[in-house]
Every structure is written in structure tokens, then in C-alpha cells.
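These figures come from a predicted structure and were not determined experimentally.
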Amino acid sequence: MSAAHPIPQAWLSTGETAAKNYDEFPDETEITRIVEANPASVLGVEMPAHTPEAVAAGLSFEQALPAAAERLAALKEAGRFASFGDVAVAYRISGGAEPVAYGVFCMVDTAEISSAADEPGKVIRNEDVFIEKVKQRNELNQQLRHLLSPVLLLQSSRGDELHAAVAEAVAGAGEPVASDVDEAGRTHEIWAIGGDEGLALAALAGDGDLIVADGNHRSLAAQVGELDRFLAVVTTPQSVAIRPYHRLVAGLPGSASQLVEQIAQIGAEVTQVGGPPETPAVGGTVVAYGQGRTWEITFADTEGSVVDRLDHTRVEQEVLGGLLGWDAGDKRITYVGGDYPASWLVEQVDAGKADLAILIAPVTVEDFIDVNLQRLKMPRKSTWFVPKARAGLAIAELPKR
């Protein structure tokens, strides 16, 4: 049996609502600027405490939730979304540095989520989460009774077939229902595929192992909220790449150079190098920047699983946890995805917004799939998948309670 199904009640964008997903912003003031420039952006619904009016009033997330529902209702009333019933929504992303990507928006059975080796299910969730984020996503789902941002799932069993099937469906579907160009110049297009073709497309998408590539918090929120199904985009391994996921660290008890000295004292090889920092091309060495200085850090060899040897794990366990005594969810740590270059991290440190930048090489897609099929857990915020499906192109209305 497939874990995926057409969307019973879909609302597809008629223009201007699309945006980055809510969790793609290391600097959330950027959300306020986006919503101010484009009030139709779905970010105004997804992140209600960051709308200009909520910021001006000093509202918390919970206090701003009623306004989120009002904003979504207003967008639908203004014709920003069109209604479609029982459709799989084919998705194509083209025009970027990556190959053309294909996927399908659909509803996936929440009961199929597996977060441990002894927990049955086709949907493999692979990362620890931040509970406060899960709580907020659940509260938003319950307030809106609509799902706005899809969980990105990687079809690891029948990826080649799904890739070909979505490409074929798109080629025969005529003009897209909606099209949007993102910040990197990629074009995102969607098509509503109904009837037997839509059923077949969704069935193929949900047949086999589905790995959560992006949306661990959203998938857990569906479980916490006891939703029967959650909104997902199922994509293929050849449609995605993994970019780096860096860390900015603020509020150090001492200086950046003192922390780097401590890293050397726990057995890492530390070398100061000239020039600005660059992201390592491959794993094994991380780069740190602070006080105008750049260091290359190679941790001592360690035994264990592929996860234990990942640079993200070593930084989290040995530096942030071991030396600083901080949990991965500490607010002094900012996780910066690969859409932001090394120069941006340098600017944050030089401007005094952070004490230290830690640049980490990207995980490979092959390692990511291997970790998940072994039912191991990735370190938090270790994979930045591109291209990501845009929020606000296709949303799903939940059944009335």
C-alpha cells in the first residue's frame, strides 16, 4: 500500500504568495521585510509574529495566531488561491545551478512516520528536533486548519520511476497553474493532476521508503496534532543536492581564539591560515573564523558509525556541548544554511553579531541516504537540501473537526 494520496482540498496559488519556507531564515527580521514588501506572501501567515504590525505591537507567536487565520482568509477571499479537489500537484524546478528537479505535492499518512529502527513505517525521520518549534507548528496547524509548508520527502526506493513519471505528467499537462521565480533565479511551477493520473502519481510517490529531507519539525507537529495525514512534496535523489549547514556562535564566555585553543587541547589539529574563511570542499576539516582570524580544525580520529564521524556531530558534541556546555538548541547558536555564502558569516562576525563562525563541508546525498536506511539519526541542522519546494504555492485544507 502507498503512503501517499491526492490532496482532497488543495488551494493553489494564483500568484505572489510563494516564499521561502519559514525555517530558511537565520535572520528572522528578513521575514518582516519580505512581508512588508509583499503582504500577499504566505510568510505573513506562517510567521505571524514577524509581520510588520505584530512586530510593532510586540506580539508573541501565540498572540499573533488569530491574525494569521485572518490573513489567510483574506488571501483566499482576494483570489490569491484557487480551489482544486482530489489532485496530486506536480512540481518542477528549473533554471538554477542544479539539474531540473521534479516532485509531487500530496498527502502522506502520519501513521507511516518512523523515528527509530524498531518503529515501523515508510516515512523515515532522521533528525532530533527543537520542541518549541514543533509546538508552534502544531498551534499554527490547529488555528488555520490548513497546511502551508510541505515536508520534503526523498523517494529512495523508486526515485528513477517517479522522476520520469512527474516529467511525463508535466509535459502533457499544458500551462502550469502557477509559476514563481525564487531568490536564486530558479523557476518553480506546479500543475494540478486529477483523476486516475493523479491517483497513480501519488501512489508511485508513496511506494517505498520516504526519507525526511526537510521538515522534521513539521512531520512531528502532524503527529503531535494527531493529523491523519500531512502535506508533503515527494522528490527524487537526482532532483536534490546538499549544501553546507554552518554555525554562528555568540555569547562566548571568552574570546574566539581562546575557544580555538581549547579545541586544540582536546586533541584536534588546529592551523591558522591566511585570508578569509572558505567552506571546506569535503568533510574531515572544519573552518572557524573570529577576531579577524581563520583556523582550519581537524578533529582526532574516532570510532563509531558514519554519524559519529560527521563533522556536524563532532562540532555539536565536542565543541558546543563538551567545551561550552551548551545544548544544540541554545539560542546563542544560529544555524546558517547553504544559501548564505561564507562572506555573509564573516560579515556577521565582523559586525559583532556573533563571536565565531564555524564552516562545515556538506554531507553527501549518498551518506544521507545510507544513514537513514540504517535508521540512524543525523545531527540537528546538518543537511541543507536544494532546491527546496516553495511554501505558498500549494496548501492543503484539513477536514473540519
Heavy-atom distance under 4.5 Å between the side chains of Tyr22 and Glu28, does that happen here? no
Between Gln142 and Arg145: side-chain donor-acceptor atoms closer than 3.5 Å: yes
Can Asp23 and Arg218 be counted as an ion pair, charged N to O under 4.0 angstrom? yes
Would you mind checking if Glu98 and Arg243 are paired as a salt bridge, meaning a charged N to carboxylate O distance below 4.0 Å? yes
Any side-chain heavy-atom pair of Val386 and Arg186 under 4.5 Å: yes
Charged N to carboxylate O under 4.0 angstrom, Glu62 versus Lys135? yes
Is there a donor-acceptor pair closer than 3.5 Å between any side-chain N or O of Ser41 and the backbone N or O of Ala19? no
Would you check if Glu161 and Gln155 make a side-chain contact, meaning some heavy-atom pair closer than 4.5 Å? no
The side-chain hydrogen bond (donor to acceptor under 3.5 Å, both in side chains) partner of Arg158 among Asp209, Thr236, Asp207 is Asp207
Between Arg390 and Glu183 (salt bridge meaning N to carboxylate O under 4.0 Å), is one present in this structure? yes
Quick one: does Ile360's side chain get under 4.5 Å of Pro280's, heavy atoms only? no
Evaluate the side-chain proximity of Trp384 to Pro244: yes if any heavy-atom separation is below 4.5 Å, no if none is. no
Distance-only polar pair, side chains of Asn21 and Glu46, donor-acceptor under 3.5 Å: no
Side-chain donor or acceptor of Thr17 paired with backbone N/O of Gly392 under 3.5 Å: yes
Just by distance, with hydrogens left out, do Thr383 and His312 show a side-chain donor and acceptor under 3.5 Å apart? no
Parallel under 30°, tilted from 30 to 60°, perpendicular over 60°: which one fits the rings of Phe368 and Phe385? perpendicular
For Val42 versus Leu148, what's the shortest heavy-atom pair and its separation? CG2-CD1, 4.0 Å
Quick one: sort the Tyr91 and Phe105 rings into parallel, tilted or perpendicular, breaks at 30° and 60°. parallel
Taking 4.0 angstrom as the limit, do Lys331 and Glu132 come out as a salt bridge? no
Is it the case that more than 12 heavy atoms not belonging to Glu168 sit under 6.0 Å from its CD atom? no
Within-4.5 Å side-chain heavy-atom neighbours: Val249 and Leu320: yes
Kindly say whether Arg125 contributes a backbone atom to a donor-acceptor pair with the side chain of Ser115 at under 3.5 angstrom? no
So does Lys353 get a backbone contact from the side chain of Gln348, meaning a donor-acceptor N/O pair under 3.5 Å? no
Find out whether Met107 and Leu231 are in side-chain contact, i.e. whether some heavy atom of one side chain is under 4.5 Å from a heavy atom of the other. yes
Answer yes or no: is there a side-chain heavy-atom contact under 4.5 Å between Val260 and Arg293? no
